[in-house]
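Note sheet for the following structure.
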4 protein chains.
Amino acid sequence: MNTGSGSMEAPSPRRWQRRKDERTGEIIEAALGLFCEKGFSATKLDDIARAAGVTKGTPYLYFDGKEAILKAVVRATLIDRLGEIEAECRDYRGSRTVLIRRLMLKWWDEVGSTELAGLCKLMVAEAANFPELARFYHDEVIVRSRALMRAVLLDGVREGEFRPMPDTDAVIDALQAPLLMNMIWQHSFARFDESATGSYTKQRLETTLDLVLAALTAAGTTRQGNPTT
Amino acid sequence: MNTGSGSMEAPSPRRWQRRKDERTGEIIEAALGLFCEKGFSATKLDDIARAAGVTKGTPYLYFDGKEAILKAVVRATLIDRLGEIEAECRDYRGSRTVLIRRLMLKWWDEVGSTELAGLCKLMVAEAANFPELARFYHDEVIVRSRALMRAVLLDGVREGEFRPMPDTDAVIDALQAPLLMNMIWQHSFARFDESATGSYTKQRLETTLDLVLAALTAAGTTRQGNPTT
Amino acid sequence: MNTGSGSMEAPSPRRWQRRKDERTGEIIEAALGLFCEKGFSATKLDDIARAAGVTKGTPYLYFDGKEAILKAVVRATLIDRLGEIEAECRDYRGSRTVLIRRLMLKWWDEVGSTELAGLCKLMVAEAANFPELARFYHDEVIVRSRALMRAVLLDGVREGEFRPMPDTDAVIDALQAPLLMNMIWQHSFARFDESATGSYTKQRLETTLDLVLAALTAAGTTRQGNPTT
Amino acid sequence: MNTGSGSMEAPSPRRWQRRKDERTGEIIEAALGLFCEKGFSATKLDDIARAAGVTKGTPYLYFDGKEAILKAVVRATLIDRLGEIEAECRDYRGSRTVLIRRLMLKWWDEVGSTELAGLCKLMVAEAANFPELARFYHDEVIVRSRALMRAVLLDGVREGEFRPMPDTDAVIDALQAPLLMNMIWQHSFARFDESATGSYTKQRLETTLDLVLAALTAAGTTRQGNPTT
DNA sequence: GATGAATGAGTCTTCATTCAT
DNA sequence: TATGAATGAAGACTCATTCAT
């Protein structure tokens, strides 16, 4: 009757709620690791469950199935990061050149160089097999990230920091592709590449950034000194 | 009675032989189409067989299994093309700039812009799941194609057409990555991209080529100091 | 609130557990029957499952595959019996002649004259096709049963009950072979043998035992002379 | 019309006949080796054909199928030998003891110690799977060989060489079983038996023969008593 | 007679998902 | 909420047998 010590027997609704959220998080966490490591198909739901400390049936109490878990994983990681970055951009005042460099490096540090890279590669690999998932990723990650870059670039143009660019999408590609290629490479052929010839590094990423940003500001030619650095 | 041409003396071992060769080709053809369209795992051997106009067991008369079929497909397409290109390079005398442009456009025309693109994407997607297959592709396609480019680039440097480049692999990446990205894109998210913002075209490929080749030869010009790097 | 017996605290993990144990037994039981009746290769896993009242996939929850099931069957029957017999021997004090007779008759009653005989025949029949299985049987059944007999025989010799025997293995063969032959016969040609000429019976088994045991003790007679050999 | 030089184009019927017989023999020969070595199921018809120097379809021109080939193999080997032995017995005049020893040793030399042993083991192993085959073997090999022995034994009794025996079948078993066990052992567990404890040898076979024959004639000695039984 | 390409029934095995407890 | 036993659809691969040539 005394609930003083009985908290474990009859947890408050909120407590359950918290537990529920935790469970969700634990499952997402577990799934993230396995998906990134082994890919989507090769990851068994049983593995996810066990890694989350629950049993086979439990994930179905929180998610509609394997695909839904992947969706949740993407949301909890990539899309979250994207949200942060978007917020950062909204508040930002200052050099777009600096901003772009910062965004790219953040993405590298928090995604490209982490296990999350495997998630991006996974989406590419499975896109054809799971159209609904692919659309979700396309709309929520790809489109949004491109939109973000586009906005920054156009802001830069409007404010005179960048010269007008005839094909914004090409610029976005030029910025993002190397990073994406690296993520894909790491999770496909990197293991066979003893000399690591194909591996991107942060160093190389920065070189690419310098190059593209230099080109964007190059029009400044007469305007000022040597940009890039 | 006199069988003038002796057609009966050769009871067509050739006929069967021919059929056998054709079968191999037909199966490879069928497999190519299905692999490119649906990926490796999603393609059932039964589908391949039916698409080739035979039944389930027949492909096993010609190949050791699904992986072997994929290997044969890669050999019959990508590796063949690569061989042609290698031969072309061996005999070539002339501007390396022209040669590189020609190679890249050939690859675009014969692979990048065809269904074969799906094969490249497939290998990336399944590399993690089929290590033996991945190694084969890595050694026979990736390594060889990079070696080819490296040779051409170094020739160009030796003969003074290109300026010395500190990181050949980075240049190779710069040349190949856009094309590869395009192939991957086409077979993953392109279908969701109504505005086709992410799509490479031959036009864009040429732009990239111009850019990189210009950078490679730029130093040779008397024009000015050290660009890029 | 006070749950007197606490029946709710243990929400029947035991219930499932019990079911699980039962399942294993049911599958082994079903497999035993089918293996003995139809042999190993001719028994489909689907049959086993159905005979156990479950569906195709279920046996895989309990065993690694068909061979593993057979192993389990052998363990649960022959090896278990062997264990009992070994225990019986360890504790035994008394006439080895009596002991050997008892062991042989036990084996006859619990194996030779039951469906388990089919299991022994099966192992002989499939030994060449499943080496790993055969080695298991060889090591766990054949070697152990021979070792057991050898120990008893040598004990008998040491204690003067049996005369020294130049070739223990030959004696073991003489004791075991008739029983084994019978088991093999029952599950191969017995069905075609209307007159049952080739069939061993318990009676004939006892005759053989008498014969061999008599020979083993015969030397004890004052007659000496040249026994057997 | 002139067949002078046309012998190859139009061979005489007899020539074809000969060829046909040869083919049959070659296939039987090839099948024998493979059956003995690998068992019935594990031997592919394709293997037999190739070993016989023909192709897959050819055996079907001479036999109704795999089972029929095995039948032919048994006929051409075991049943043939049996026929010889039967003939030998018919003409024989002299000691039955000597005759039995001779028969057993012949069987050992020509079957037990040769690859043909594998055939006997095969029949035991597959009897349950191929009833029609098993009946054939039972009737043509087992029954006949037992009848042969029985006749010799009874002749011996009639002529006073052997003492009357209450259970002729038991005696036949005693004579044949060791040899059969050896054949089975060689093709099942012998390979796992490093110490070769279970292996019969010609030596051991002779010992058994001595033993049984001694028992059969023992009564004839002045010693009288009631032996064996 | 001989070939050998093709057939297709047969079986093991995996795993996402369900549901009684 | 959590369990975990059970399901059953799906798919790769084998090989005896057939038959057009």
Side-chain angles (χ1 to χ4, degrees), chain A residues 11 16 19-20 23 41-50 53-67 69, chain B residues 8 10-17 19-20 22-24 41-49 52-67 69, chain C residues 11-20 22-24 41-49 52-67, chain D residues 11 16 19-20 23 41-50 53-67 69:
Chain A
W16 276 117
R19 192 74 198 100
K20 173 154 184 172
R23 264 293 130 80
S41 302
T43 297
K44 287 176 266 185
L45 237 148
D46 200 11
D47 294 338
I48 296 177
R50 235 197 316 275
V54 295
T55 54
K56 252 172 93 161
T58 305
Y60 286 91
L61 299 175
Y62 299 93
F63 303 95
D64 280 342
K66 213 174 160 186
E67 237 177 296
I69 295 180
Chain B
M8 286 174 67
S12 63
R14 237 167 316 173
R15 192 185 201 90
W16 276 118
Q17 194 52 50
R19 195 74 199 96
K20 176 151 188 172
E22 283 168 15
R23 242 347 144 216
T24 306
S41 300
T43 297
K44 286 173 275 185
L45 240 159
D46 203 10
D47 294 339
I48 295 177
V54 295
T55 51
K56 234 178 15 170
T58 305
Y60 289 94
L61 301 176
Y62 299 93
F63 303 96
D64 280 342
K66 216 175 157 187
E67 289 194 33
I69 295 180
Chain C
S12 64
R14 236 166 316 174
R15 192 186 201 89
W16 276 118
Q17 194 51 51
R18 177 135 34 120
R19 195 74 199 98
K20 176 151 188 173
E22 282 168 16
R23 248 334 152 221
T24 306
S41 300
T43 297
K44 287 172 275 184
L45 240 159
D46 203 9
D47 294 338
I48 296 177
V54 295
T55 52
K56 236 176 16 167
T58 304
Y60 288 94
L61 299 177
Y62 299 93
F63 303 97
D64 280 341
K66 216 173 155 188
E67 289 194 32
Chain D
W16 276 118
R19 192 74 198 99
K20 172 155 186 171
R23 266 291 130 80
S41 302
T43 297
K44 287 176 266 184
L45 236 145
D46 201 12
D47 294 338
I48 296 177
R50 235 196 317 275
V54 296
T55 53
K56 251 173 96 162
T58 306
Y60 286 91
L61 299 175
Y62 300 93
F63 304 96
D64 280 343
K66 214 175 160 187
E67 236 177 296
I69 295 180

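Residue numbers start from 1 in every chain, and the chains themselves are labelled A, B, ... in the order their sequence lines are given, proteins ahead of strands.
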Rounded to whole angstrom units, what separation is found between the CD atom of Glu22(C) and the C1' atom of dA5(F)? 13 Å

Of Gly65(B) and Gly57(C), whose closest DNA chain F nucleotide lies nearer the 5' terminus? Gly57(C)

With nearest nucleotide decided by heavy atoms, which residue, Val54(D) or Leu45(C), maps closer to the 5′ end of DNA chain E? Val54(D)

Working to the nearest 0.5 angstrom, can you tell me the gap between Arg50(A) CZ and Lys44(A) NZ? 8.0 Å

To the nearest Å, give me how far apart NZ (Lys44(B)) and P (dC13(F)) are. 15 Å

Could you check how far CG of Asp46(B) sits from P of dT14(F), rounded to whole Å? 15 Å

So Lys56(C), base contact, sugar-phosphate only, or nothing? Heavy-atom distance under 4.0 Å. base

Looking at Tyr60(C), I'd like to know whether one of its side-chain N or O atoms comes within less than 4.0 Å of OP1 or OP2 on dT13(E). yes

Let me know, please, whether Gly53(B) or Lys66(C) comes out on the 5' side of the other along DNA chain E by nearest nucleotide. Gly53(B)

NA contact type, Thr43(B), heavy-atom cut-off 4.0 Å: base, sugar-phosphate, or nothing? sugar-phosphate

With a 4.5 Å heavy-atom cut-off, do Ile69(A) and Tyr62(A) have their side chains touching? no

Counting the atoms with a prime plus P, OP1 and OP2 as sugar-phosphate, which does Leu61(D) contact under 4.0 Å by heavy atoms, base, sugar-phosphate, or nothing? base

Looking at Thr58(D), does any N or O in its side chain come under 4.0 Å of the phosphate oxygens OP1/OP2 on dA2(E)? no

Which base, if any, makes a Watson-Crick or G-U wobble pair with dA9(F), both distances under 3.5 Å? dT14(E)

Would you mind reading off the distance between Tyr62(C) atom OH and dC12(E) atom P, rounded to a whole angstrom? 19 Å

Identify the nucleotide, in any strand shown, that forms a Watson-Crick or G-U wobble pair with dA20(E), with both distances under 3.5 Å; if there is none, say none. dT3(F)

Whole-Å gap separating C1' (dT3(F)) and CZ (Arg50(A)): 14 Å

State the CG-NZ distance between Asp47(D) and Lys56(D), to the nearest 0.5 angstrom. 10.0 Å

Send over the distance from Glu67(A) CD to dA16(E) P, rounded to a whole Å. 12 Å

If you count heavy atoms of other groups shown closer than 6.0 angstrom to CG of Asp64(D), is the number above 12? no

Would you tell me if any nitrogen or oxygen in the side chain of Arg23(C) comes within less than 4.0 Å of OP1 or OP2 on dA6(F)? yes

What is the separation between atom CG on Asp64(D) and atom P on dA16(F), rounded to the nearest whole Å? 16 Å

Min side-chain heavy-atom separation Val54(A)-Leu61(A) under 4.5 Å: no

